[in-house]
There are 2 protein chains.
Amino acid sequence: MAESDRIAAKTKFLDFLEEKNLRITAQRRAIVDTVFGTDQHFTAEQLLEWAKEKDSSVSRATVYRTLPLLTESGLVHEMDFGKDYKIYDPNYADHPNHNHIICDDCDKIVEFESDRLDQLEDEISTGLGFKVKTQQLRINASCEEMKRLGECKNKGN
Amino acid sequence: MAESDRIAAKTKFLDFLEEKNLRITAQRRAIVDTVFGTDQHFTAEQLLEWAKEKDSSVSRATVYRTLPLLTESGLVHEMDFGKDYKIYDPNYADHPNHNHIICDDCDKIVEFESDRLDQLEDEISTGLGFKVKTQQLRINASCEEMKRLGECKNKGN
DNA sequence: TTGACAATGATACTGAGTCTCAATATCTTC
DNA sequence: GAAGATATTGAGACTCAGTATCATTGTCAA
């Protein structure tokens with residue numbers, strides 16, 4: 001994410017708070033700076049850890065309270081890969097329809113977009129009488145190609 | 001699921017146990033009878049409750065130990081709709097590639113299959129150098145059509 | 001029947017996420 | 001810039017799905 005995009009995302013979030021009559025606090029600033037200061041996917045616990053480095057007063061409760069605001073604002077995307085924690089993606093504002101492949105062996109995540117896929121999903125949902133709210137294609141795989149290239153640091157077996 | 005399919009699924013699972021040198025116990029029989037005695041999707045806790053009705057000696061631990069065997073055998077499919085519990089689908093042996101739409105309002109789940117979708121997913125994954133293990137398209141939606149028909153017992157708002 | 005060991009139940013434990021509540025910070029109004 | 005209404009906070013208790021432990025029991029091949 002370019003520096004300008006980061007600032008834009010931050011500004012959008014502060015605007016979002018204002019629109020909802022929510023207050024801009026030091027803790028929220030630290031959290032938002034953290035989220036839009038990285039390109040990486042992260043977990044709630046990671047975000048807590050990183051945000052604490054910026055402002056040690058940030059607590060677990062505040063992180064968990066702020067995450068729904070970030071997803072509601074459309075700037076961060078919440079993902080579920082069947083692990084017992086959720087993964088958050090801060091690159092969502094720019095690419096609102098991208099999907100993910102996760103390597104079960106090394107947890108590597110690759111993002112991709114496909115207009116054909118989006119179109120097909122909409123077609124199917126509408127045909128079944130549903131109004132789509134969110135859709136997530138999750139592909140669990142093993143990165144054969146990367147294994148060959150030595151990029152997949154196979155954890156298990 | 002027709003009676004014959006239920007018996008076939010049960011038999012397949014008992015064969016699966018035998019192949020892996022696992023033992024056929026009264027508790028496993030009760031669990032398997034329960035799973036293939038319904039068409040419904042269920043949670044681990046529901047399965048525990050139902051199986052206990054057949055054999056009160058079935059414990060939570062055994063249910064949680066048996067579920068991975070059922071999914072590994074390919075007869076039951078584990079799904080994750082972003083809730084804090086997993087949902088299991090006993091109709092998987094017959095329709096190994098079906099996907100799901102869940103209504104966020106009333107929790108109604110509708111299954112669907114699409115060859116075009118499967119094909120497209122494979123194409124994309126292969127193109128990215130991954131060998132697909134499992135793929136799950138999850139669509140969270142609201143069942144507009146059903147709301148109109150009064151079938152969606154809207155829980156929230 | 002026996003014996004190796006797979007499987008069991010009870011229960012303690014884990015860990016992500018939620019809730020509570022008294023104390024504090026923000027923001028608006030004057 | 002004080003005051004007051006109230007949104008927000010941190011600490012820690014709590015929830016709850018799922019896992020681990022371990023002594024006891026059940027299965028099944030020999």
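Within every chain, numbering begins at 1; the chains are lettered A, B, ... in the order of the sequence lines, protein sequences first and strands thereafter. The analysis underlying the following values was restricted to heavy atoms, covering all of them including side chains, and did not include hydrogens, waters or symmetry mates.
Atom CG of residue Asp115(A) and atom CG of residue Leu120(A) lie 12.5 Å apart, to the nearest 0.5 angstrom. Note: Asp122(A) CG to Gln119(A) CD = 8.5 Å, rounded to the nearest 0.5 Å. With values rounded to the nearest 0.5 angstrom, Tyr88(A) atom OH is found 10.0 Å from Met79(A) atom CE.
A salt bridge links Arg116(A) with Glu123(B): the distance from a Lys NZ or Arg NE/NH1/NH2 to an Asp or Glu carboxylate oxygen falls below 4.0 Å.
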Please tabulate, one pair per line, each protein N/O and nucleotide N/O from nucleotides 13-17 of chain C that are separated by under 3.5 Å, including the distance.
| from | atom 1 | to | atom 2 | distance (Å) |
| --- | --- | --- | --- | --- |
| dG17(C) | OP1 | Lys86(A) | N | 3.2 |
| dG17(C) | OP2 | Tyr64(A) | OH | 2.8 |

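When rounded to the nearest whole Å, the span between CD of Gln46(B) and P of dG18(D) equals 12 Å. In this entry the distance linking CG of Leu67(A) with P of dT9(D) reads 12 Å, nearest Å. Note: NZ (Lys20(A)) to C1' (dT8(D)) measures 15 Å, nearest angstrom. A straight line from CG of Leu17(B) to P of dG26(D) spans 19 Å, rounded to a whole angstrom. Atoms CG (Leu69(B)) and P (dA6(C)) sit 14 Å apart, rounded to a whole Å.
Mapping Val58(A) and Asn21(A) onto DNA chain D by nearest heavy atom places Asn21(A) closer to the 5' end of the strand.
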Nucleotides 19-30 of chain C: protein proximity per nucleotide (B base, S sugar-phosphate only, - neither; heavy atom, under 4.0 Å): BB----BBS---
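Considering only residues two or more places apart in sequence or on other chains, Gln46(A) meets the side-chain contact (heavy atoms from CB on, under 4.5 Å) condition with Phe42(A), Thr43(A), Trp50(A). Every residue was checked against the side chain to side chain donor-acceptor pair (under 3.5 Å) condition with Arg23(B), not counting sequence neighbours, and none meets it. Take Glu111(B) and apply the side-chain contact (heavy atoms from CB on, under 4.5 Å) test, not counting sequence neighbours, and it matches His41(B), Asp89(B), Asn91(B), His98(B), His100(B).
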Quiz: residues 10-20 of chain A side-chain donor-acceptor pairs under 3.5 angstrom, not counting sequence neighbours:
| from | atom 1 | to | atom 2 | distance (Å) |
| --- | --- | --- | --- | --- |
| Lys10(A) | NZ | Asp33(A) | OD1 | 3.2 |
| Thr11(A) | OG1 | Ile7(A) | O | 2.8 |
| Lys20(A) | NZ | Glu72(A) | OE2 | 2.6 |

